[in-house]
Amino acid sequence: MITIKSPAEIDLMKKAGHVVEETLEMLGAMCKAGVTTKELNKAADDFIRSKGAIPSFLNYNGYPKSICTSVNQQVVHGIPGNYRIKDGDIVSCDVGAILNGWHGDAARTFLVGNVSDDVKKLVDVTRECFFKGMEQAVPGNHLEDIARAIQTHAEMHGYGVVRELVGHGIGRAMHEAPEVPNYVDRRHGRGARLVAGMTIAIEPMINLGTREVYSLSDGWTVVTRDGKPSAHYENTIAITDNGPKLLTLSI
Ligand code: MF3
Ligand code: CO
């Protein structure tokens, strides 16, 4: 069931989303050569709690850390640990927080030092994919319109669109109906019709090479089949009669 949020509830989600946004800003400033991913995790966990919020990923289905840090060929759900970030890496940070019972969820891919031009382009296009998708998030459109916009933009650049993981509804739970895929499939049909008050996380995961991925034996980390880099960009948004409203990004 897709839950519809009132304008007051969307305002509460914006407050949760703001904690996520600020956490990501801090992580972006920290993503420098020499820093370990577990240091990123600790800083994010401390920051979220300092705002009176709770990191939603910790213990989610047994997930052991408070954020996900996915480096280079890691697509999503990388577990922070002893890995030391080095020049030329791209680091996807995914953050979720609960504030007063409401969830925010967002991700960014950060560039570290001298990243090659083709990988920079991948990161730029992945962010663009999100915004192309978001433009379609208006009442009367369907989920398929979001998916088509994302897939078209990514494939125009020759990139692979990950299919095994998708965006999602969000609200009092991190994962609510509906699923929000980044690709069109006739088996999905047009998908749910969008109405004002839906809140969703749109999160393109885009690969430089093949779209194929697999999971590592840690049970979480998703990596590209060909070992080429992958980028991730996510925001929580609300669908409103005045157009899409970003809940994890202030612009
Ligand atoms: N941000 C991820 C999502 O959108 C959630 C991370 S999975 C977790 O689904 F286990 F780390 F929580
Ligand atoms: Co998400």
Side-chain angles (χ1 to χ4, degrees), residues 2-3 5 13-14 16-24 27-28 37-38 40-42 44-45 48-49 53-71 74-81 83 91-99 102-110 126-127 129-131 133-134 137 143 146-147 150 161-183 198-206 213 215-223 230-239 244 246-249:
I2 300 177
T3 59
K5 285 79 176 180
M13 286 185 67
K14 174 87 192 177
H18 192 64
V19 174
V20 172
E21 176 178 6
E22 288 187 310
T23 307
L24 284 165
L27 291 172
T37 51
K38 77 179 176 198
L40 299 179
N41 180 77
K42 168 83 164 71
D45 184 282
I48 291 167
R49 293 180 196 281
I54 300 163
S56 51
F57 297 178
L58 185 62
N59 300 322
Y60 179 85
N61 290 340
Y63 186 74
K65 297 286 177 183
S66 297
I67 63 170
C68 301
T69 52
S70 307
V71 183
Q74 298 178 346
V75 179
V76 287
H77 302 170
I79 304 173
Y83 180 78
V91 183
S92 299
C93 293
D94 194 341
V95 174
I98 315 169
L99 183 67
W102 294 96
H103 284 255
D105 181 9
R108 310 277 182 261
T109 298
F110 300 117
T126 302
R127 185 181 58 244
C129 282
F130 166 83
F131 285 99
M134 185 182 78
L143 287 169
I146 297 173
I150 292 170
V161 178
V162 174
R163 300 190 177 205
E164 286 76 1
L165 300 124
V166 295
H168 49 91
I170 178 169
R172 287 196 177 275
M174 175 163 68
H175 291 144
E176 298 185 354
E179 292 195 346
V180 182
N182 299 304
Y183 65 100
M198 285 183 185
T199 48
I200 58 175
I202 300 177
E203 49 178 318
M205 289 149 270
I206 308 295
V213 299
S215 293
L216 298 187
S217 57
D218 63 16
W220 285 101
T221 313
V222 177
V223 299
S230 180
H232 185 203
Y233 189 94
E234 174 181 23
N235 282 302
T236 300
I237 69 161
I239 291 153
L246 282 157
L247 303 181
T248 49
L249 180 64

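Along the sequence shown, the residues carry numbers beginning at 1. Every number for a ligand or one of its atoms is a count from 1 in the order of the listing. In this text the structure is predicted, and so the values were computed from the model without any measurement.
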For ligand 1, which atoms have a heavy atom of M174 less than 4.0 angstrom away?
12 (F)
Does CD belonging to E22 count more than 12 external heavy atoms closer than 6.0 Å?
yes
Stepwise side-chain hydrogen bond (donor to acceptor under 3.5 Å, both in side chains) check, N235 with R108
CA-CA 9 Å; N235 282 302; R108 310 277 182 261; 3.0 Å; yes
Contact (N/O only, under 3.5 Å) between D105 and ligand 1
yes
Suppose we measure from [atom] to each protein heavy atom; which comes out shortest, and what is that distance?
atom: atom 7 (S) of ligand 1; result: H77 NE2, 3.6 Å
atom: atom 2 (C) of ligand 1; result: D94 OD2, 3.4 Å
atom: atom 4 (O) of ligand 1; result: E203 OE2, 2.6 Å
atom: atom 10 (F) of ligand 1; result: W220 CZ3, 3.3 Å

Does [X] come within less than 4.0 Å of ligand 1, judged by its heavy atoms?
X: N61; answer: no
X: C68; answer: yes
X: H175; answer: yes

Between CG of D105 and CE of M13, what distance do you get to the nearest 0.5 Å?
9.5 Å
From T23 atom OG1 to D45 atom CG, the distance as rounded to the nearest 0.5 Å:
10.0 Å
Minimum heavy-atom distance H77-W220, with the two atoms named:
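So the two residues come closest at CB-O, 3.4 Å.
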For the Co ion (ligand 2), find the closest N/O/S atom on D105 and give its atom name.
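Result for D105 and the Co ion (ligand 2): OD2.
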With respect to the Co ion (ligand 2), what is the nearest N, O or S atom of E234?
OE2
Could you give me the CA-CA distance, side-chain angles and deciding distance for Y60 and H175, then say whether ring pair (Phe, Tyr, Trp, His ring centres under 6.0 Å) is met?
CA-CA 11 Å; Y60 179 85; H175 291 144; 5.2 Å; yes
Mind checking whether F57 contacts ligand 1 via backbone (N, CA, C, O), side chain (CB onward), both or neither, at a 4.0 Å heavy-atom cut-off?
both
Please determine which of V95, N59, N41, I54 meets the side chain to side chain contact (heavy atoms under 4.5 Å, CB included) test together with S66.
N41
What I want to find out is whether E21 reaches K14 closely enough, with some N-O distance under 4.0 Å, to be called a salt bridge.
no
Any donor-acceptor pair under 3.5 Å linking the side-chain atoms of H103 with those of E176?
no
Restricting to N/O/S atoms, is H168 within less than 2.8 Å of the Co ion (ligand 2) or not?
yes
Using 2.8 Å as the threshold, say whether any N, O or S atom from E203 sits that close to the Co ion (ligand 2).
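Coordinating: yes.
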